[in-house]
Student: 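One structure is given below, represented as structure tokens, and several questions about it will come after.
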Amino acid sequence: MTHEAGAGFDQRVWQAVALIPGGQLATYGQIAELIGAWGCARQVGWALRRLPLPSAVPWHRVVNARGCIAMTPSREGSDWIQRELLLAEGIPVDPAGRLPLARYRWRPGASCGVAIADVAP
DNA sequence: TAGGTGACGGACC
DNA sequence: CGGTCCGCCACCT
């Protein structure tokens with residue numbers, strides 16, 4: 001049933017994204033690696049594109065490794081909504097869609113104990 | 001069936 | 001810093 005296999009991938013992506021704590025960020029490659037699909041970051045993007053909105057899944061917490069929101073006309077404004085949602089969670093986003101990814105990066109498993117060295121400006 | 005595309009990532013200039 | 005090119009893999013025409 002290859003047909004179900006594809007749908008299962010989407011569900012797996014959404015479930016992994018749902019694990020992202022509020023106020024933190026994750027990359028497409030990070031989600032892909034989390035579900036055991038290393039190198040399939042692009043497919044994670046497809047899965048989120050197929051996500052019906054509105055959704056309880058915090059899809060807005062997923063950005064690319066460059067630390068910026070993917071701005072493309074294909075999303076018909078969902079990219080702009082993502083920026084608004086991130087701002088509502090206290091994450092500063094530049095007009096260009098760029099944000100301090102290194103500072104809000106989600107670390108699976110390291111929920112306790114701030115092991116991240118404080119990046120002093 | 002073949003070719004182009006993209007909500008990606010990394011290397012290169 | 002930013003712009004460009006290549007590799008990757010599922011989706012669409």
Student: Rounding to an integer number of Å, can you tell me how far A:Met71 CE sits from B:dC8 P?
Tutor: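 Those two atoms, CE and P, are 12 Å apart.
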Student: Taking CZ in A:Arg83 as the centre, count heavy atoms belonging to other residues, nucleotides or ligands within less than 6.0 Å. Is the count above 12?
Tutor: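 More than 12 heavy atoms, drawn from other residues, nucleotides or ligands, come within 6.0 Å of this atom.
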Student: Are side-chain heavy atoms of A:Trp80 and A:Met71 found at a separation under 4.5 Å?
Tutor: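 Heavy-atom side-chain distance check passes, below 4.5 Å.
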Student: Does A:Arg49 make a cation-pi contact with A:Trp46, if we ask for NZ or CZ under 6.0 Å from the ring centre and within 45° of the axis?
Tutor: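 Pair A:Arg49/A:Trp46 does not count as cation-pi.
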Student: Do A:Arg105 and A:Thr27 have side chains that approach each other closer than 4.5 Å (heavy atoms only, starting at C-beta)?
Tutor: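 The answer is yes, as the side chains (C-beta and beyond) meet within the 4.5 Å cut-off.
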Student: Quick one, which residues of residues 56-67 of chain A touch DNA chain C with a heavy atom under 4.0 Å?
Tutor: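 Per residue number, the list is empty: none.
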Student: Below 4.5 Å, heavy atoms only, C-beta onward: do A:Trp59 and A:Gln82 meet side chain to side chain?
Tutor: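 SC-SC contact between A:Trp59 and A:Gln82 confirmed.
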Student: More than 12 foreign heavy atoms under 6.0 Å from CD of A:Gln15: is that the case here?
Tutor: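 It does not: A:Gln15 CD has 12 such atoms or fewer within range.
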Student: Measure all distances between protein nitrogen or oxygen atoms and nitrogen or oxygen atoms of nucleotides 5-9 of chain C, and list the pairs falling under 3.5 Å.
Tutor:
{"unit_1": "C:dC8", "atom_1": "N3", "unit_2": "A:Arg42", "atom_2": "NH1", "d": "3.1"}
{"unit_1": "C:dC9", "atom_1": "O2", "unit_2": "A:Gln43", "atom_2": "OE1", "d": "3.2"}

Student: Going through the checks in order, is the side-chain contact (heavy atoms from CB on, under 4.5 Å) test met by A:Leu101 and A:Arg66?
Tutor: CA-CA 8 Å; A:Leu101 175 61; A:Arg66 301 164 63 179; over 6 Å; no
Student: Using a cut-off of less than 4.0 Å, is there contact between a side-chain N or O of A:Arg50 and OP1 or OP2 of C:dC11?
Tutor: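 Yes, within the criterion.
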Student: Starting from P on B:dC8, measure out to CD on A:Glu33 and report it in whole angstrom.
Tutor: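 Spelled out: CD on A:Glu33 to P on B:dC8 is 18 Å.
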Student: Would one find more than 12 heavy atoms of other residues, nucleotides or ligands at under 6.0 Å from atom CD of A:Glu84?
Tutor: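 Above 12, so yes.
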